[in-house]
Amino acid sequence: MGSESSGPLRLLRETHEERVLSVLRTRGPLSRAQLAEQTNLSRATLSSIVQTLLNKLALVEAREVGAVRGRGRPVSVVSLNPAGGLALGIDLGQRRIQVTISNVAHEFVASGAVACADRTPWTRRLQLALDLVDDLTTRHDISLIALAGVGVGIVGPVSTEGSSGVGRSADRIALVRDTLRARFGVPVHVDNNTRLAALAEAVWGAGAGVDSALYLRLSYGVGGGIVLGGRLLAGAGGAAGELGHISVDRDGPACSCGGRGCLERYVSLTTLQEQSENVLDARDDKARDLLAVAGARVGEVLAAACNTVNPEVVVIGGELAETGDHLFKPLQTAFRRHTHSQVHRSVRITRAALGPDAAARGGIALVLTSSPASPNAVLNAPDLEASHP
């Protein structure tokens with residue numbers, strides 16, 4: 001009887017361990033109370049699972065700096081053992097190559113960037129990224145022997161299979177994946193860099209701590225992403241969150257996506273700067289009027305999206321977000337006018353919190369949420385001590 005029941009019980013325990021490890025990979029360090037809430041495990045079950053994983057050295061526990069509870073008792077948090085492996089995030093942007101390295105405990109150990117021209121060939125972009133990886137690992141004395149995976153952000157749509165159909169985009173994605181797999185010998189995850197910035201904001205930035213976040217980036221292009229439960233919503237073809245290609249004028253100008261009157265054609269930084277070179281400074285009436293109209297259009301699109309998804313937070317990033325109230329006041333007015341009352345009462349609209357390394361951080365989050373969380377992985381891992389930059 002005991003031997004018959006030991007199999008299912010062991011499987012149940014391993015399932016609970018996997019749940020704890022998966023949450024910590026996605027969310028980073030958590031208190032036991034937060035971990036119980038995220039895993040839906042009872043306090044008694046969670047305590048047993050955490051202790052087992054601590055004994056296996058898969059987890060570590062430490063006091064959270066500056067946090068106390070009750071009568072001055074320090075709050076402790078548990079996280080994956082930092083020695084359990086590393087994740088590498090790369091953003092192959094239009095004008096900038098960013099590389100960031102983190103351990104599985106969500107500690108960033110190195111980060112750097114180099115500029116590139118718009119028309120830089122993709123082979124050259126990859127070489128710049130690899131040179132930057134070599135420079136960071138050398139300067140910070142980091143070994144990539146226990147690298148878990150690479151997450152890469154690129155410009156343009158990427159399907160759920162990591163390709164974008166045919167033509168140049170598919171060739172480019174295949175080049176990125178094949179080159180990095182050959183170099184590092186680990187899984188390589190590719191996604192749109194704006195969507196990865198959305199994931200990073202949900203994990204470490206303005207959307208941290210909530211289960212649902214919508215991200216919109218207002219830059220030379222307009223893109224977005226939706227994060228639910230710490231994971232990107234891909235959609236059937238990997239294009240979920242493409243808010244820049246929602247039509248705001250059916251009779252408007254043709255867009256490269258095949259539609260007409262897309263939001264991007266009206267509120268991209270490229271379009272606005274053609275009308276006023278002072279738009280980012282909002283130094284004259286024309287620039288301020290352009291921002292007011294842009295804010296109202298963005299607010300209408302966000303209202304439609306939030307009426308559908310009903311997220312807890314909307315995060316707005318990109319250069320245009322830096323114009324502050326000139327954009328946000330008309331945006332919020334339009335948003336309130338076009339959303340259901342239950343929606344606009346529950347959602348918070350805020351500026352992005354992360355810097356230019358957001359997409360590279362999102363690549364790391366993609367690795368951490370895509371890789372299997374093995375409780376025994378750390379036992380064979382080398383010592384990965386690395387100084388912070």
Side-chain angles (χ1 to χ4, degrees), residues 91-98 113 115-122 125 153-157 168-169 172 192-195 197-198 214-225 239 241-305 314-335 338 349 351-352 355-356 358-359:
D91 177 17
L92 300 174
Q94 287 184 320
R95 298 172 176 82
R96 176 188 175 95
I97 308 296
Q98 178 81 41
C116 67
D118 279 354
R119 298 185 179 276
T120 302
W122 281 87
R125 291 174 187 268
I154 65 170
V155 178
R168 292 183 179 179
S169 295
R172 178 174 62 196
N192 171 265
N193 55 3
T194 300
R195 283 166 44 80
L214 188 151
Y215 175 84
L216 178 66
R217 179 172 174 79
L218 301 171
S219 184
Y220 293 95
V222 176
E242 278 289 353
L243 302 181
H245 294 289
I246 292 178
S247 178
V248 295
D249 182 0
R250 288 182 293 178
D251 298 320
C255 180
S256 59
C257 73
R260 300 192 70 88
C262 292
L263 179 67
E264 184 174 272
R265 293 301 308 269
Y266 295 94
V267 305
S268 72
L269 192 52
T270 301
T271 298
L272 294 176
Q273 285 184 327
E274 288 175 354
Q275 299 172 73
S276 171
E277 60 183 17
N278 298 324
V279 69
L280 287 180
D281 297 326
R283 287 186 297 182
D284 53 46
D285 290 341
K286 183 177 182 180
R288 289 189 284 271
D289 288 344
L290 285 171
L291 288 171
V293 173
R297 288 189 183 275
V298 171
E300 291 180 25
V301 169
L302 286 175
V314 172
V315 180
I316 302 177
E319 293 90 338
L320 212 57
E322 300 302 316
T323 60
D325 285 346
H326 296 293
L327 178 82
F328 276 84
K329 282 189 174 181
L331 184 159
Q332 290 171 325
T333 298
F335 182 83
H338 296 285
I349 300 177
R351 283 168 55 178

Could you state the interatomic distance from [atom1] ([X]) to [atom2] ([Y]), rounded to the nearest 0.5 Å?
X    : Y    : atom1 : atom2 : answer
D91  : N193 : CG    : CG    : 5.0 Å
H326 : L290 : NE2   : CG    : 12.5 Å
D325 : Q332 : CG    : CD    : 8.0 Å
T270 : R265 : OG1   : CZ    : 10.5 Å
I316 : L302 : CD1   : CG    : 5.5 Å
F328 : L291 : CZ    : CG    : 11.0 Å

Which atom pair, heavy atoms only, marks the closest approach of [X] to [Y]?
X    : Y    : result
R96  : C116 : N-SG, 3.7 Å
G317 : A352 : CA-CB, 3.7 Å
N192 : T194 : OD1-N, 2.9 Å
A296 : A334 : O-CB, 3.5 Å
Q98  : P356 : OE1-O, 4.1 Å

Test of understanding: with side-chain hydrogen bond (donor to acceptor under 3.5 Å, both in side chains), list the residues that count as partners of [X], not counting sequence neighbours.
X    : result
Y266 : D249
D284 : N278
S219 : E319

Under 3.5 Å donor-acceptor, R125 side chain and T120 backbone: yes
Applying side chain to side chain contact (heavy atoms under 4.5 Å, CB included) to Q273 and not counting sequence neighbours gives Y220, L269, V279, L280
Should the heavy atoms of other residues, nucleotides or ligands under 6.0 Å from CZ of R119 be counted, would the total exceed 12? no
Can you establish whether the number of heavy atoms outside E322 located under 6.0 Å from its atom CD is more than 12? yes
Under the salt bridge (Lys or Arg N to Asp or Glu O under 4.0 Å) rule, what pairs show up with a residue in residues 286-301, not counting sequence neighbours? D285-R288
I97 and L92, any side-chain heavy atoms less than 4.5 Å apart: yes
Going by heavy atoms in the side chains, are V267 and V248 under 4.5 Å from each other? no
Show, in sequence, the C-alpha distance, side-chain angles and deciding distance for L243 and L214, and conclude whether the side-chain contact (heavy atoms from CB on, under 4.5 Å) test is met. CA-CA 10 Å; L243 302 181; L214 188 151; 3.4 Å; yes
Would you be so kind as to tabulate the donor-acceptor pairs closer than 3.5 Å made by side chains of residues 257-264, with sequence neighbours excluded?
| unit_1 | atom_1 | unit_2 | atom_2 | d |
| --- | --- | --- | --- | --- |
| R260 | NE | G252 | O | 3.0 |
| R260 | NH2 | G252 | O | 3.2 |
| E264 | OE1 | V222 | N | 2.8 |

